[in-house]
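Order of listing sets the numbers, starting from 1, for every ligand and every atom in it.
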Amino acid sequence: MPATRASTSDSGAPPAGAPGRPRPGWEGGFEALLRQDPELAGIVAGEARRQADALQLIAAENFTSPAVLAALGSPLANKYAEGYPGARHHGGCELVDLAERIAVDRAKALFGAEHANVQPHSGSSAVLAAYAALLCPGDTVLAMALPQGGHLTHGSPANFSGRWFDFVGYGVRRDTGLIDYAQVRALAREHRPKAVVCGSVSYPRHPDYAAFRDIADEVGAYLVADAAHPIGLIAGGAAPSPVPYADVVCATTHKVLRGPRGGLLLCRADLAGRIDRAVFPFTQGGGQMHTVAAKAVAFGEAAGPAFTAYAHQVVANARTLAAALAAEGLTVTTGGTDTHMMTLDVSGLALDAVTARGRLAACGVVLDTCGLPHGAPGLRLGAAAVTTQGMREPEMARIAVLMGAALRGEGPGGAGAGETRGTRGIRSAVAELVAAFPPYRPYPDHI
Ligand SMILES: *Cc1c(COP(=O)(O)O)cnc(C)c1O
């Protein structure tokens, strides 16, 4: 698509938005963007096509619904709403107050929580607010060490968490890959943390929330569950919930939960005031009310039977994919998965992780590299997005075969420059597979 100057107008009429010109409608969505700014419309359409044309196996991604996208692309984006429903610093908040109340009530009902804050702009913002509510700078926090699967907000020196708090890291057992609860307890006794954090970016099993609660209680620490990844499985009843155990649960709304990009906090009623003040005014300004409304839509979707079926299918698909990848000669960390996610050691194929990710990308298979607890970096992938597309166990088996061939550089087809022998054939097999499961109705060809 050729680059075109934005905001050109036809026939010398005043440009959109100029005095005397009828105000444009907003319901047109993409059509309006296409008319006004073909350059950016081309990027949006191209990205939609990229998402549809490849296998999206990034564990943190998903395809949110058209209803969620409609709320995001609505005039709620115009509204300033500092504060909370009924106590705003701005006028005209009656309707966004309703949207936020619905989001809060739906989140509380969905997760059985006494209190919910739906304003965090991201998962990291939710974790920052949780720490702000419970801790003071310099406090000791016990969390999963970053090389073992901790998130940046769990004590990275490049993140506020590592700069402002004194993090101690626990890990997983070398023999099983499972969290070493004896080590967690010993470190808690030794360092007397003010908070214990459970949750990870790559741990494919369920944390033992009761064990973490017990350890936190023994040393008088708060328990913070960072359930950014599994919260969607929890919503669908396909994973155990930290809500009965943790003082505060932090989450994202855009991973398995399939809502808009954003964060969420859940807590007991006695911590509600501290959590709310930690979000606003301590760490954030005005809420993003279009996102808050989109979160309400997503929570509404997650309360229905179709979402429960999806969440269980995500786990079934991930298990099938993990077993089939093991059959392809890949080493699956912990021997499999209980969640949507798995990590793979590719060193058995004499590959490093970056080369492996590149070979897969060349075949239209998109996933992440990640650190593995003991050894060289590996690959991380998840089954949420492909499950949203409607794929089931037979497609998981097919994906594993295609991935195995891509990683080994096998398969039909000739090789172009920089391609392994089978890249072209595998890429067209991937294209055929994803074409049968479009995430959205495709844009018309002329776009
Ligand atoms: C994804 C994730 C986050 C952060 O989410 P962002 O929205 O990217 O800020 C925090 N903690 C864990 C464990 C995560 O997986």
Can you check whether Asp226 has an N/O within less than 3.5 Å of an N/O in ligand 1?
-> yes
Does Val196 reach the side chain of Tyr222, with side-chain heavy atoms less than 4.5 Å apart?
-> no
Should the ring pair His340 and His229 be called parallel, tilted or perpendicular, given that the plane angle runs from 0 to 90° and is split at 30 and 60?
-> parallel
Out of curiosity, is Gly199 lining ligand 1, as in a heavy atom under 4.0 Å away?
-> no
For Ser124 and ligand 1, does the shortest N/O to N/O distance drop below 3.5 Å?
-> yes
Are there more than 12 heavy atoms of other residues, nucleotides or ligands under 6.0 Å from atom OH of Tyr245?
-> no
Distance under 6.0 Å and angle within 45° of ring axis: Arg258 vs Phe307 = no
Quick one: does atom 8 (O) of ligand 1 have a protein heavy atom under 4.0 Å from it?
-> no
Consider only side-chain N and O atoms of Gln313 and Glu393, and report whether a donor and an acceptor are under 3.5 Å apart.
-> yes
Between Ser200 and ligand 1, which residue portion shows a heavy-atom distance shorter than 4.0 Å: side chain, backbone, both, or neither?
-> backbone
Mind checking whether His151 and His154 have parallel, tilted or perpendicular rings, split at 30° and 60°?
-> perpendicular
Should Lys255 be listed as contacting ligand 1, given a heavy-atom distance under 4.0 Å as the test?
-> yes
Purely on distance, is any nitrogen or oxygen of Gly262 under 3.5 Å from one on ligand 1?
-> no
What part of Ala228, side chain from CB on, backbone N/CA/C/O, both or neither, has a heavy atom under 4.0 Å from ligand 1?
-> side chain
